[in-house]
> 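My structure is below; once you've seen it, I'll send some questions.
Computation of the quantities below employed the complete heavy-atom set of this structure, encompassing side-chain atoms and omitting hydrogens, waters and symmetry-equivalent molecules.
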Amino acid sequence: MNKKIIILNGSPRLKGNTAGLIDAFVQGAEQAGHTVKTFNLQKMNIHPCLGCLGGGKNPDSPCTQKDDMDQIYPVYEEADIVVLASPMYYWSITAQLKAAFDRLFAVAEKDGDYRNQKKECIMLMAAEGDTRDNFEPVEHYYHALLKHLEWKNAGEVYAGGVMKIGDIKGHPALDEARQLGLSIR
């Protein structure tokens with residue numbers, strides 16, 4: 001079955017190590033017959049959530065703020081899988097990714113009980129640190145997020161030891177990301 005996949009790339013470096021993970025994942029996913037749409041959030045005009053609770057009234061543009069999120073909403077709503085891609089910034093995801101993800105709450109506001117659409121989710125992350133405990137705060141956040149959204153974890157790839165652009169070249173995480181894309185059913 002062809003799945004629709006949306007990738008939210010929170011990296012400010014468009015040709016950095018996170019992009020390498022994304023490229024490998026996309027190669028596998030497209031080879032497996034899936035449709036992938038990537039949004040490079042760094043290039044987009046996305047404001048942080050205002051917490052106004054005024055969203056959900058316009059099905060075509062659910063947020064009260066009008067910015068580049070209007071490009072993301074329709075793709076997100078049709079997607080079966082959401083890929084969160086980010087370098088690690090102070091043991092978390094980047095502000096670019098956090099801002100966009102927070103704004104997806106406007107879609108939940110379409111439902112009177114603020115229920116989110118059921119999705120599968122994938123985490124792709126690059127980081128300077130390469131120890132197992134380095135990724136623990138992100139893993140905790142990611143798993144808590146999925147639990148509360150009632151989303152299924154479709155996989156995680158963490159690439160440690162990559163800081164400078166190009167450090168990802170030859171990293172085993174690239175094959176892991178490619179295989180993850182290929183394995184989607």
> Would you mind checking if Asp175 and Arg178 are paired as a salt bridge, meaning a charged N to carboxylate O distance below 4.0 Å?
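Asp175 and Arg178: salt-bridged.
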> Can you tell me if Asn134 and Trp91 form a side-chain donor-acceptor pair at under 3.5 Å?
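Yes, because at least one side-chain N or O of Asn134 sits under 3.5 Å from a partner of the opposite role on Trp91.
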> Any ring pair (Phe, Tyr, Trp, His ring centres under 6.0 Å) pairs touching residues 116-149, not counting sequence neighbours?
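Checked against ring pair (Phe, Tyr, Trp, His ring centres under 6.0 Å) - neighbours excluded - the pairs reaching residues 116-149 are Phe135-Tyr158.
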> Considering only NZ, NE, NH1 and NH2 on the basic side and carboxylate oxygens on the acidic side, decide whether Lys57 and Glu109 come within less than 4.0 Å.
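Looking at Lys57 and Glu109, the cut-off is not met.
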> Enumerate the residue pairs fulfilling salt bridge (Lys or Arg N to Asp or Glu O under 4.0 Å) with a member in residues 85-104, sequence neighbours excluded, ordered by first and then second residue.
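As it turns out, the salt bridge (Lys or Arg N to Asp or Glu O under 4.0 Å) pairs with a partner in residues 85-104, which skip direct neighbours, are Asp67-Arg103, Lys98-Asp102.
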> Answer yes or no for Lys119 and Tyr76: cation-pi contact, defined as NZ/CZ to six-membered ring centre under 6.0 Å and angle to ring axis within 45°.
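Satisfied, under 6.0 Å and within 45°.
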> Apply the side chain to side chain donor-acceptor pair (under 3.5 Å) test between Glu150 and each candidate in Gln117, Lys118, Arg115; give the one that qualifies.
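Only one of Gln117, Lys118, Arg115 forms a side chain to side chain donor-acceptor pair (under 3.5 Å) with Glu150, namely Lys118.
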> Taking the side chain as everything from C-beta on, heavy atoms only, tell me whether Leu84 gets closer than 4.5 Å to Cys121.
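Counting from C-beta outward, Leu84 and Cys121 do come under 4.5 Å.
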> Within the structure provided, determine whether Pro12 and Tyr89 are in side-chain contact (heavy-atom separation under 4.5 Å).
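Of all side-chain heavy-atom pairs linking Tyr89 with Pro12, at least one is under 4.5 Å.
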> Going by side chain to side chain contact (heavy atoms under 4.5 Å, CB included), Ile81 matches just one of Glu120, Lys4, His34, Lys152. Which one?
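That would be Glu120; it is the only one of Glu120, Lys4, His34, Lys152 passing the side chain to side chain contact (heavy atoms under 4.5 Å, CB included) with Ile81.
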> Just by modelled atom types, is the Pro59 backbone N or O under 3.5 Å from a matching donor or acceptor in the Lys110 side chain?
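Here the side-chain-to-backbone pair exists.
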> Can you name the nearest heavy-atom pair linking Ala154 to Leu180, along with the distance?
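For Ala154 and Leu180, the tightest heavy-atom pair comes out as O-CD1, 3.3 Å.
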> When you compare the side chain of Val75 with that of Ile72, does any pair of heavy atoms fall below 4.5 Å?
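With C-beta onward as the side chain, the pair stays apart.
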> With side chains defined as the heavy atoms from C-beta onward, is the minimum distance between Thr18 and Leu124 less than 4.5 Å?
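No. Closest side-chain heavy atoms not under 4.5 Å.
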> Do you see a donor-acceptor pair shorter than 3.5 Å between the side chains of Ser61 and Lys66?
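A donor-acceptor contact under 3.5 Å links the two side chains.
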> Regarding Asn45 and Asp68, do their side chains bring together a donor and an acceptor under 3.5 Å, going by distance alone?
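Asn45 vs Asp68: no donor-acceptor pair found between side chains.
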> Can you check whether Asp113's main-chain N or O pairs, donor with acceptor, with Asp111's side chain at less than 3.5 Å?
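Present.
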> Can Asn9 and Ser11 be counted as having a side-chain donor-acceptor contact under 3.5 angstrom?
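The answer is no; no qualifying pair exists.
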